[in-house]
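Each remark here refers to the structure printed beneath this line.
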Amino acid sequence: QVQLVESGGGLVQPGGSLSLSCAASGSIFRIYTMGWYRQAPGKQRELVALITSAGSTNYADSVKGRFTISRDNAKNTVYLQMNSLKPEDTAVYYCKGVRELAPAIVYWGQGTQVTVSS
């Protein structure tokens, strides 16, 4: 069993920055692909960024060049640095972990609200 706990959300003005953290407990963090997803009101949950155990990253086109995902396996934590935030980045941000070894178990965090508004 893995528990994922996000932190770092809040209210920020357009153009500002926020850093999200997702702390994992209960399993071998380094064998998980970790990702950040977001869900805005009335919209489907969408991928923001992910990072594999090997450190490969992938980003949604809408955040490329503005967001950076990283991980610290020693701290069992994945981060999302968000710069140049826009009102359309407003959403609940969720952390997701997918075990890279069979069985491919999936875990989700409870989410953290990010609001970009003046």
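Any value given below was found using the heavy atoms of this structure, including those in side chains, with hydrogens, waters and symmetry copies removed. What you see is a predicted model, and the numbers here were worked out from it, not measured in a lab.
- For an aromatic pair to be called close, the ring centres must be under 6.0 Å apart, and W108 with Y37 satisfies this.
- A salt bridge does not link D89 with K86: none of the charged nitrogens is closer than 4.0 Å to a carboxylate oxygen.
- For T90 (side chain) and V116 (main-chain N/O), a donor-acceptor pair under 3.5 Å exists by modelled atom type.
- Here the closest non-hydrogen pair linking A24 and V2 is CB-CG1, 4.5 Å.
- The two residues R66 and S84 have their closest heavy-atom pair at NH1-O, 2.9 Å.
- Cation-pi contact between R71 and F29: present, with separation from the ring centre below 6.0 Å and deviation from the ring axis of at most 45°.
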Output side-chain donor-acceptor pairs under 3.5 Å for residues 48-57, partner residues at least two apart or in another chain, one line each.
| from | atom 1 | to | atom 2 | distance (Å) |
| --- | --- | --- | --- | --- |
| T52 | OG1 | A54 | N | 3.2 |
| T52 | OG1 | G55 | N | 3.3 |
| T52 | OG1 | S56 | N | 3.1 |
| S53 | OG | E100 | OE1 | 2.5 |
| S53 | OG | E100 | OE2 | 3.3 |

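- Within a 6.0 Å radius of CD in Q3, other residues, nucleotides and ligands contribute 12 heavy atoms or fewer.
- Contact detail for Q81 and S17: the closest heavy-atom pair is NE2-CB, 3.9 Å.
- With hydrogens and angles ignored, the 3.5 Å screen pairs a side-chain donor or acceptor of E6 with a backbone N or O of C95.
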Margin query: Is there a side-chain contact (heavy atoms from CB on, under 4.5 Å) between W36 and L47? Walk through the geometry before answering.
Written below: CA-CA 6 Å; W36 287 96; L47 171 70; over 6 Å; no
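- Counted within 6.0 Å of CD on E88, heavy atoms from surrounding residues, nucleotides or ligands total more than 12; the atom is thus considered enclosed.
- Annotation: cation-pi geometry satisfied between R45 and Y94 (NZ/CZ under 6.0 angstrom from ring centroid, within 45° of ring axis).
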